[in-house]
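To keep things clear, I will list the structure first and then write my remarks on it.
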Protein chains: 2
Amino acid sequence: MGRGKIEIKRIENVNNRVLTFSKRRNGLVKKAKEITVLCDAKVALIVFASNGKMTDYCCPSMDLGAMLDQYQKLSGNKLWDAKHENLSNEIDKIKKENDSLQLELRHLKGEDIQSLNLKNLMAVEHAVEHGLDKVRDHQARENDGRGESATQFPAVVSGSLLSANSCMRP
Amino acid sequence: MGRGKIEIKRIENVNNRVLTFSKRRNGLVKKAKEITVLCDAKVALIVFASNGKMTDYCCPSMDLGAMLDQYQKLSGNKLWDAKHENLSNEIDKIKKENDSLQLELRHLKGEDIQSLNLKNLMAVEHAVEHGLDKVRDHQARENDGRGESATQFPAVVSGSLLSANSCMRP
DNA sequence: TCACCTATCTATAACGC
DNA sequence: TGCGTTATAGATAGGTG
């Protein structure tokens with residue numbers, strides 16, 4: 001419907017495509033409004049331009065939510081039930097992750113360790129030793145940097161704790 | 001577009017209205033398809049006739065669920081009910097909890113501690129010391145219980161580590 | 001109901017500004 | 001970028017079989 005006939009295929013010229021989009025989108029919305037009024041129809045329309053910008057129309061007599069409820073009933077398609085399930089699954093997943101983090105945390109704090117076997121207990125010990133080592137090392141450097149020679153925590157070189165511990169061994 | 005011009009108002013004659021609906025609905029869907037192809041647009045269209053019969057069209061490149069997700073983001077309208085939002089909020093909450101757990105965990109392992117100030121660093125140190133203490137204590141009791149007197153880790157009474165450490169202080 | 005017809009109306013492609 | 005103009009293609013109102 002214009003000066004020349006066009007094929008229905010992607011318009012390659014960008015400016016042209018954008019221009020045509022704008023015109024046809026307006027036309028589409030207009031037609032949607034018209035059929036709503038003329039024929040007592042209920043219409044919902046959502047259009048995204050290729051740049052992501054959105055236009056929507058929904059008949060005044062029914063809101064989009066109600067239209068979609070009806071859509072789901074009649075089409076059998078599940079829009080939010082599926083979504084709902086996905087969210088629930090995600091919650092379960094994250095909660096499990098959370099639980100295992102909490103347990104690990106408690107272990108590192110020396111809690112709930114009665115359930116650990118010797119091997120795991122040793123692993124926890126090593127982790128904690130290593131952590132303490134790094135913390136003290138960092139603390140030492142903090143103190144050095146500030147030139148605070150008489151702080152509560154003396155500069156302890158990495159590994160010193162283990163040495164201190166080992167001096168108690170037979 | 002026909003033998004005579006018509007006003008855009010409800011067509012009172014039922015047969016006429018139904019007929020016009022059928023024609024215009026087809027035209028609307030056709031236009032929706034055309035703009036999809038011509039302009040790379042994403043279009044979703046749902047139409048209910050006054051008798052309740054439904055027609056729908058959704059562009060092939062995005063399913064209706066995804067379109068509606070996008071719609072909600074861009075419009076701010078909430079389609080999924082409160083239940084849904086609650087789930088989303090819960091996910092956000094748990095994720096945040098998760099993040100802070102992970103951070104605490106890294107701190108206890110001596111990672112990412114450069115961001116801590118001295119006070120917090122000391123708190124971490126105490127936590128780790130305490131944890132190590134408990135772990136060793138438990139380990140010791142494990143060994144005692146099994147009668148393994150010559151294990152790699154000697155029985156260390158609670159607090160011994162700190163004593164060992166304190167012997168290095170001035 | 002449905003399909004087809006066609007005169008007419010509308011949408012819009014290609015311009016210009 | 002957006003609005004106005006115009007010639008034309010496409011949609012469709014009303015009619016017929």
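Just so you know, these numbers use all the heavy atoms, side chains as well, and skip hydrogens, waters and symmetry mates.
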- B:Asn77: side chain to side chain contact (heavy atoms under 4.5 Å, CB included) partners, not counting sequence neighbours: B:Tyr71, B:Ser75

- So what does A:Thr20 hit on the nucleic acid, given a heavy-atom distance under 4.0 Å: a base, only sugar-phosphate, or nothing? sugar-phosphate

- Whichever of B:Gly2 and A:Asn16 has the more 5' nearest nucleotide on DNA chain C, that residue is B:Gly2

- Query: Who are the salt bridge (charged side-chain N to carboxylate O under 4.0 Å, His left out) partners of B:Lys78, not counting sequence neighbours?
  - Reply: B:Glu85

- Task: Taking only heavy atoms on the protein side, list every residue of residues 30-60 of chain A lying under 4.0 Å from any atom of DNA chain C, sorted numerically.
- Result: A:Lys30, A:Lys31

- Looking at CG of A:Leu38 and CD1 of B:Ile11, how far apart are the two atoms once the value is rounded to the nearest 0.5 Å? 4.5 Å

- Message: I want to check something: taking the side chain as every heavy atom from C-beta on, are A:Arg25 and B:Cys39 in contact at a cut-off of under 4.5 Å?
- Response: no

- Query: Do you know which two heavy atoms are closest between A:Phe21 and B:Ala41, and how far apart they sit?
  - Reply: CE1-CB, 3.5 Å

- Item | Results of side chain to side chain contact (heavy atoms under 4.5 Å, CB included) for A:Arg3 - residues two or more places apart only | none

- Can you sort out the partners of B:Asp92 under side chain to side chain contact (heavy atoms under 4.5 Å, CB included), two or more places apart, ordered by chain and number? none

- Query: Could you give all pairs that pass the side chain to side chain donor-acceptor pair (under 3.5 Å) test and reach residues 29-44 of chain B, with sequence neighbours left out?
  - Reply: A:Arg10-B:Asp40, A:Arg24-B:Glu34, B:Thr36-B:Tyr57

- Assert: residue with more 5' nearest nucleotide on DNA chain D, out of A:Val18 and B:Arg24, is A:Val18

For residues 45-53 of chain B, which side-chain N or O atoms pair as donor and acceptor with protein atoms under 3.5 Å away, sequence neighbours left out?
{"residue": "B:Asn51", "atom": "OD1", "partner": "B:Lys53", "partner atom": "N", "Å": "2.8"}

- Item | ILVMFWY cluster, A:Ile35 and B:Val29 together (side-chain gap under 4.5 Å) | yes

- Message: Can you give me the first and the last nucleotide of DNA chain C (5' to 3') that has an atom within less than 4.0 angstrom of a non-hydrogen atom in chain B?
- Response: C:dT6 to C:dT12

- Task: Identify, with sequence neighbours excluded, every residue that meets side chain to side chain contact (heavy atoms under 4.5 Å, CB included) alongside B:His84.
- Result: A:Trp80, A:Lys83, A:His84, A:Leu87, B:Trp80, B:Asp81

- How sharply is the helix from C:dC2-D:dG17 to C:dC17-D:dG2 bent, taking the axes over five pairs at either end and rounding to 10 degrees? 30°

- For chain A, the stretch of DNA chain D it reaches, first to last nucleotide, under 4.0 Å of its heavy atoms: D:dT6 to D:dT12

- Message: Using heavy-atom distances to pick each residue's nearest nucleotide on DNA chain D, tell me which of B:Asn26 and A:Lys23 is more 5'.
- Response: A:Lys23

With a cut-off of 3.5 Å and sequence neighbours excluded, list every side-chain donor-acceptor pair involving residues 94-105 of chain A.
{"residue": "A:Lys95", "atom": "NZ", "partner": "B:Glu90", "partner atom": "OE2", "Å": "3.3"}
{"residue": "A:Ser100", "atom": "OG", "partner": "A:Glu97", "partner atom": "O", "Å": "3.0"}
{"residue": "A:Glu104", "atom": "OE2", "partner": "B:Lys109", "partner atom": "NZ", "Å": "2.8"}

- Message: Need one value for A:Lys5: base, sugar-phosphate or nothing, where a base atom within 4.0 Å counts as base even if backbone is also close, heavy atoms only.
- Response: sugar-phosphate

- Is it possible for you to say whether B:Met1 and B:Ile6 belong to one hydrophobic cluster, with membership spreading through side-chain heavy-atom contacts below 4.5 Å? no

